[in-house]
Protein chains: 2
Amino acid sequence: MATAAAKPSTRSRILEAARELFWLKGYPETSVAEILEKAEANSGSFYYYFKSKEELLLAVLDYYVDLLYPEVMDQAFATTPDPIERVFAVLGGYRYALEMTGCTFGCPLGRVALEISDIPQAHEKVAINFQGWVNAVKKCLMDAGNRLPADVDRHQLAQFVLTVMEGAVMQARVHRSLEPFDNSVAQLRAYFRYLMSAPRVVRVKE
Amino acid sequence: MATAAAKPSTRSRILEAARELFWLKGYPETSVAEILEKAEANSGSFYYYFKSKEELLLAVLDYYVDLLYPEVMDQAFATTPDPIERVFAVLGGYRYALEMTGCTFGCPLGRVALEISDIPQAHEKVAINFQGWVNAVKKCLMDAGNRLPADVDRHQLAQFVLTVMEGAVMQARVHRSLEPFDNSVAQLRAYFRYLMSAPRVVRVKE
DNA sequence: GTCTATATATTGATAGAC
DNA sequence: GTCTATCAATATATAGAC
């Protein structure tokens, strides 16, 4: 017979609680005491597993690397076979997160990227996460083959998709509205439509 | 004869110190004590002018509204007559700020947008700042007249430019490199080139 | 490994003299 | 309006029993 799920280890409970609180409240605004309460753990356990709050942040950022596919990419890849549409399905996932949170919370890594300024290792780890995201999108763009012009740099375009996602999420957050997000994605779509459009004959001045 | 510049008022010294520190360290990580030290003021003066640290943040965000043209737009408008090139000159201003700070500091409002989550008034004021920015860019796009297709929504496109700026600045910050910024602007340029390209004859399948 | 109790520093904010 | 002194709360982190 099925047994009840075992309670996760203390360390992973702390990690999970921190991940959620850093996402909701930000790293500087989250106290160790709050993390402990949410994780149902004690101060002694915390400092047994982590040297400091700062080290916990770095562990959370490593954790996010593992979550890229299960939390961000897998669903888009599973439901959307067309590689170009997959890219927009990934963006749709962020739209859904905004929708579910009243347009308050989008990408937790973008938040760390801007709110932290004195922990260079944190930026390095966010950069690694961004690289993983960009590579996943780049893979889609490469899978699109010759539907995109050969001279379009896939890496640059994938980086641009991340740029648009982060900027769009930010604006949705401050406006508490999906409109700026949808507008930005609409413009990105127009750009892709152009890139994928049939060969053009440009009328030349006589 | 010329007199030495008068020392700014205590209130404006506090406001200016806060603006810079919130930009460099973020709002939660900046203590009132630091602001006072930088402003050469005392706790008593601070709470004479501001009800709380939170109210100071709101005052700083109002202050930014006044700084939009002098700090962000004026130079681009003065040096670049072409309205489309003006938009890219504005982006060039952010590139310069990144360059001058080792790719660590871009837009202070984007930072507040993501690091603050429990002060709705702060988001409202960032939204007002973003609106001003978008409107300034929108004005350029409208000045471009029929160089852009009539059916392109100027507001949506201006919002997209802000999206790209914020996302590009964020990536430059985490990578400590201008490359992601330049890549994103290059893609935005390609999109504008497309929008401004001569009327196209699309080859139709037979 | 987990617990409670606590050390030490710093936080935002206030009081009251001048 | 500006000053110093200080409050009360909270922060991260540690000590040492179990």
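Small disclaimer: the values here were computed from a predicted structure and weren't measured. Order of the sequence lines fixes the chain letters, A, B, ..., with proteins taken first and strands second; residue numbering starts at 1 for each chain.
In terms of position along DNA chain D, the nucleotide closest to B:Ala41 lies nearer the 5' end than the nucleotide closest to the other residue of the pair B:Ala41 and A:Glu29.
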Under 3.5 Å, which N/O atoms of the protein pair with N/O atoms of nucleotides 9-13 of chain C?
{"residue": "C:dG12", "atom": "OP1", "partner": "B:Lys53", "partner atom": "NZ", "Å": "3.0"}
{"residue": "C:dG12", "atom": "OP2", "partner": "B:Val32", "partner atom": "N", "Å": "2.8"}
{"residue": "C:dA13", "atom": "OP2", "partner": "B:Tyr47", "partner atom": "OH", "Å": "3.1"}
{"residue": "C:dA13", "atom": "OP2", "partner": "B:Lys53", "partner atom": "N", "Å": "2.9"}

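Just one of A:Gln159, A:Gln131, A:Gln156, A:Arg154 meets the side chain to side chain contact (heavy atoms under 4.5 Å, CB included) condition when paired with A:Lys138; it is A:Arg154. When each of B:Tyr48, B:Tyr47, B:Phe46 is checked for a ring-ring contact (aromatic ring centres under 6.0 Å, His included) with B:Phe50, only B:Phe46 meets the rule.
Taking the side chain as every heavy atom from C-beta outward, B:Val65 and B:Lys125 never approach each other to under 4.5 Å. In this structure, A:Leu157 and A:Phe192 have side chains that are in contact, with non-hydrogen atoms separated by less than 4.5 Å. Within the 4.5 Å cutoff, no side-chain heavy atoms of B:Arg193 are placed close to those of B:Met196.
With B:Tyr27 as the aromatic partner, B:Lys53 meets the cation-pi criteria of under 6.0 angstrom to the ring centre and within 45 degrees of the ring axis.
Side chains of B:Asn183 and B:Glu179: a donor on one and an acceptor on the other come within 3.5 Å. In this model, no donor atom of one side chain and acceptor atom of the other lie less than 3.5 Å apart for A:Gln171 and B:Glu166.
Taking the 5' to 3' direction, DNA chain D first and last meets chain A under 4.0 angstrom from a heavy atom at D:dA11 to D:dT14.
The minimum heavy-atom distance linking A:Cys140 with A:Val87 is given by the pair CB-CG2, 3.7 Å.
With pairs defined as Watson-Crick or G-U wobble and both atom distances under 3.5 Å, the stems of at least three pairs that touch DNA chain C come out as C:1-7 with D:12-18, C:9-18 with D:1-10.
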Run B:Tyr191 and A:Leu188 through side chain to side chain contact (heavy atoms under 4.5 Å, CB included) and show every step you take.
CA-CA 9 Å; B:Tyr191 182 43; A:Leu188 185 66; over 6 Å; no

